[in-house]
Enquirer: 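Shown below is the structure under consideration.
These numbers come from the heavy atoms of this one structure, side chains and all, not from hydrogens, waters or symmetry mates.
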Amino acid sequence: MSVRKLKPITPGQRFRVVNGFDAITTDKPEKSLLAPKKRTGGRNSQGKMTMRYKGGGHKRRYRIIDFKRDKQGVPATVASIQYDPNRTAFIALLNYQDGEKRYVIAQNGLQVGQNIVSGADVAPEIGNAMPLSVIPLGTIISCIELHPGQGAVMARSAGSFAQLMARDGKFATVKLPSGEVRLILITCMATIGAVSNSDHQLLVGGKAGRSRWLGRRPRTRPVAMNPVDHPMGGGEGRSSGGHPRSRKGLPAKGFRTRSKTKASNKYIVERRKK
């Protein structure tokens, strides 16, 4: 995978860094796995804005992704690696031996023509999905379930991965991308390998218009607001804004907002690094 720095033939391209898309093999999505995606513009059912700075953006169609990997024991061939406008990672189109087609999150190093399979008695190779109970310790994993049968919820974005550290009884110890070390049931599924498109963090938009294409509207700085709109607003001249805090008044730096009585606290072995 690689990135390309554009020649500055326009002001917007002077600092632009784009993805090389070396891993992408086709630009035509599978029609049977597409669904319409309605945009809300940050409005609720009453038409009131409940989420600021959303709106516009290019029209998209949703790609139906198989996060559960519940088709066990049936080998599938990777037909293509594709771009997905709804996520940072690339996706892979699988052709199963029984004729079914599914999209999955593509792992780094996944090749067209490669065979992958999910199940408890498969080899721990890139792209294969297995329960944590049979994955070798120290393996790099991604697309991890938090509850058995729920589908992957952790380590799904571009370049992210976790590491299986240990197993004890019915729990496995997993080090997550944030640095948090957590206990997860060994019956939960995970995919071998890191998520594709690890160069995503190197991309540079180059101009404000690119944020608009992605559906992000300009964000107003709190210190530029009035006191009625934000705790950091107001003041004569260019006042610094006081202690950094959210619109609701919660401190923004170092203040722990996690509930002390949350049920899942007992499964966290080590908190994420600050």
Enquirer: Who else is in Leu137's hydrophobic cluster (ILVMFWY, side-chain heavy atoms under 4.5 Å, direct or via others)?
Expert: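 For the cluster that includes Leu137, the remaining residues are Val117, Val122, Met130, Leu132, Val134, Ile135, Ile141, Ile144, Leu146, Val153, Met154, Leu164, Val174, Leu176, Ile184, Ile192.
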Enquirer: Counting heavy atoms not belonging to Arg238, are there more than 12 under 6.0 Å from its CZ?
Expert: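 Counting neighbours around CZ of Arg238, 12 or fewer heavy atoms of other residues, nucleotides or ligands fall under 6.0 Å, so no.
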Enquirer: Using links of under 4.5 Å between side-chain heavy atoms of ILVMFWY residues, direct or through other members, which residues join Met165 in one cluster?
Expert: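 Besides Met165, the hydrophobic cluster comprises nothing; the residue is isolated.
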Enquirer: Identify, with sequence neighbours excluded, every residue that meets salt bridge (Lys or Arg N to Asp or Glu O under 4.0 Å) alongside Lys101.
Expert: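 Lys101: salt bridge (Lys or Arg N to Asp or Glu O under 4.0 Å) contacts with Glu30.
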Enquirer: Who are the side chain to side chain contact (heavy atoms under 4.5 Å, CB included) partners of Asn226, not counting sequence neighbours?
Expert: Val228, Asp229
Enquirer: Sequence neighbours left out, what passes salt bridge (Lys or Arg N to Asp or Glu O under 4.0 Å) with Asp70? Give chain and number order.
Expert: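 Asp70 satisfies salt bridge (Lys or Arg N to Asp or Glu O under 4.0 Å) with Arg102 once adjacent residues are dropped.
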Enquirer: Sequence neighbours left out, what pairs pass side chain to side chain donor-acceptor pair (under 3.5 Å) with at least one residue falling in residues 174-188?
Expert: none
Enquirer: Not counting sequence neighbours, which residues clear ring-ring contact (aromatic ring centres under 6.0 Å, His included) with Phe21? List them please.
Expert: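 Expected list: Tyr83.
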Enquirer: Can you list everything that forms a salt bridge (Lys or Arg N to Asp or Glu O under 4.0 Å) with Asp98? Sequence neighbours excluded, please.
Expert: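 Asp98 satisfies salt bridge (Lys or Arg N to Asp or Glu O under 4.0 Å) with Lys71 only.
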Enquirer: Going by the side chain to side chain donor-acceptor pair (under 3.5 Å) test, which pairs reach into residues 131-160, not counting sequence neighbours?
Expert: Gln107-Ser142
Enquirer: For residues 204-222, which side-chain N or O atoms pair as donor and acceptor with protein atoms under 3.5 Å away, sequence neighbours left out?
Expert:
none

Enquirer: Distance alone, cut at 3.5 Å: any donor-acceptor contact between the side chains of Asn19 and Arg4?
Expert: no
Enquirer: If you count the non-hydrogen atoms of other residues, nucleotides and ligands that lie under 6.0 Å from CZ in Phe161, is the total more than 12?
Expert: no
Enquirer: Should side-chain heavy atoms under 4.5 Å link Ile, Leu, Val, Met, Phe, Trp and Tyr, which residues sit in the same cluster as Met225?
Expert: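 Other cluster members: Tyr53.
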Enquirer: To which residues is Phe255 joined in a hydrophobic cluster, defined by side-chain heavy-atom contacts under 4.5 Å among Ile, Leu, Val, Met, Phe, Trp and Tyr, whether direct or through other members?
Expert: Leu250
